[in-house]
Amino acid sequence: EVQLAESGGGLVQAGGSLRLSCVTSGLSFDDYAIAWFRQAPGKEREGVSCISYRDGGTWYVNSVQGRFTISIDTAGNTVYLQMNDLKQDDTAVYYCAAEDLLCEDYASDQSYPFFIWGQGTQVTVST
């Protein structure tokens, strides 16, 4: 069965960095794109980044462009989100999700649904 597990969240000062991990099992990166989402209290869920290994595609929401980097470790079946220069507005619960799509398709239509989700990891950025 396909499962995802996030880790790496925590408390960090503005300007600091965190590296989130999404350990996957039961899926192939040839079939599934992996995306990071976040949701802050009182706000809607927001797509943050996406990677589709089969075509090498990546996508970032404008607000994190140049600060966040998504990558894949195929040997460890793990997707990472390196987050640098963190801002208070980055505070949220971060989730990874998997779906059979290409990130370029998600970039064109961010209503594309994801049905496989991890449990989430809290990121808190202090002022």
Side-chain angles (χ1 to χ4, degrees):
E1 182 178 352
V2 177
Q3 295 185 74
L4 286 70
E6 305 96 331
S7 63
L11 175 64
V12 64
Q13 290 186 325
S17 298
L18 285 173
R19 185 200 196 200
L20 305 184
S21 299
C22 176
V23 178
T24 72
S25 62
L27 64 81
S28 171
F29 293 138
D30 289 330
D31 299 323
Y32 290 86
I34 306 296
W36 288 94
F37 295 82
R38 65 187 181 187
Q39 187 163 25
K43 298 184 68 176
E44 297 177 347
R45 188 183 66 195
E46 177 186 38
V48 178
S49 186
C50 180
I51 187 163
S52 43
Y53 179 73
R54 59 175 132 168
D55 69 342
T58 60
W59 171 85
Y60 302 90
V61 68
N62 287 343
S63 62
V64 310
Q65 185 71 46
R67 299 189 296 121
F68 291 10
T69 303
I70 191 168
S71 61
I72 288 179
D73 172 18
T74 57
N77 300 115
T78 302
V79 176
Y80 298 100
L81 186 67
Q82 179 67 46
M83 306 186 296
N84 297 326
D85 191 25
L86 283 161
K87 305 178 184 302
Q88 189 173 16
D89 286 347
D90 295 320
T91 295
V93 178
Y94 283 71
Y95 301 88
C96 62
E99 191 52 63
D100 180 10
L101 53 75
L102 297 177
C103 290
E104 67 178 36
D105 297 325
Y106 181 74
S108 299
D109 182 2
Q110 292 168 47
S111 67
Y112 266 81
F114 284 73
F115 291 102
I116 304 170
W117 294 81
Q119 81 288 344
T121 185
Q122 176 72 49
V123 172
T124 303
V125 183
S126 63
T127 58

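These numbers were taken from a predicted model, which means no experiment stands behind them. Residues: numbered from 1 along the sequence shown. Reckoned from all heavy atoms, side chains included, excluding hydrogens, waters and symmetry mates.
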Student check: side-chain heavy atoms of Thr24 and Tyr32 closer than 4.5 Å: no
Cluster overlap Leu27 with Tyr95, hydrophobic side-chain contacts below 4.5 Å: yes
Partners passing salt bridge (Lys or Arg N to Asp or Glu O under 4.0 Å) against Glu104 (at least two apart in sequence or in another chain): none
Ser49 vs Val64 side-chain heavy atoms within contact, under 4.5 Å: no
Inter- and intrachain pairs under salt bridge (Lys or Arg N to Asp or Glu O under 4.0 Å), touching residues 23-35, at least two apart: none
Atom pair OG1/CD1 of Thr58 and Ile34 - distance to nearest 0.5 Å: 14.0 Å
Same cluster (ILVMFWY, side-chain, under 4.5 Å), Ile116 and Tyr80: no
Set of side chain to side chain donor-acceptor pair (under 3.5 Å) partners for Asn77, sequence neighbours left out: none
Side chain to side chain contact (heavy atoms under 4.5 Å, CB included) assessment of Ile70 paired with Val79: CA-CA 7 Å; Ile70 191 168; Val79 176; 3.8 Å; yes
Listed once per pair and sorted, the ring pair (Phe, Tyr, Trp, His ring centres under 6.0 Å) pairs that draw on residues 108-127, sequence neighbours left out: Phe37-Phe114, Phe37-Trp117, Tyr106-Phe114
Salt bridge (Lys or Arg N to Asp or Glu O under 4.0 Å) against Asp85, all qualifying residues, sequence neighbours excluded: Lys87
Heavy-atom donor-acceptor pair, Ser52 side chain to Cys103 backbone, under 3.5 Å: yes
Interatomic spacing from CD in Gln119 to CG in Leu4 - rounded to 0.5 Å: 9.0 Å
Distance, nearest 0.5 Å, that separates OG of Ser28 from OH of Tyr53: 9.0 Å
Going by atom type alone, with no hydrogens or angles, which donor-acceptor pairs under 3.5 Å involve a side-chain atom of residues 7-22 and a protein atom two or more places apart or on another chain?
from: Ser17; atom 1: OG; to: Asn84; atom 2: OD1; distance (Å): 2.9

Pair listing, side chain to side chain donor-acceptor pair (under 3.5 Å) test, anchored in residues 39-48, at least two apart: Arg38-Glu46
Gln3: side-chain contact (heavy atoms from CB on, under 4.5 Å) partners, not counting sequence neighbours: Ser25
ILVMFWY cluster, Val23 and Leu81 together (side-chain gap under 4.5 Å): no
Partner residues of Asp100 under the salt bridge (Lys or Arg N to Asp or Glu O under 4.0 Å) criterion, sequence neighbours left out: Arg54
Results of ring-ring contact (aromatic ring centres under 6.0 Å, His included) for Tyr60 - residues two or more places apart only: none
Spacing of Cys50 atom SG and Gln110 atom CD [to the nearest 0.5 Å]: 10.0 Å
With Arg67 via salt bridge (Lys or Arg N to Asp or Glu O under 4.0 Å) - residues at least two apart: Asp90
Spacing of CD1 belonging to Ile51 relative to CH2 belonging to Trp36, to within rounding of 0.5 Å: 12.0 Å
For Gln88, all residues meeting side chain to side chain donor-acceptor pair (under 3.5 Å), sequence neighbours excluded: none
In one Ile/Leu/Val/Met/Phe/Trp/Tyr side-chain cluster, 4.5 Å: Val93, Met83: yes
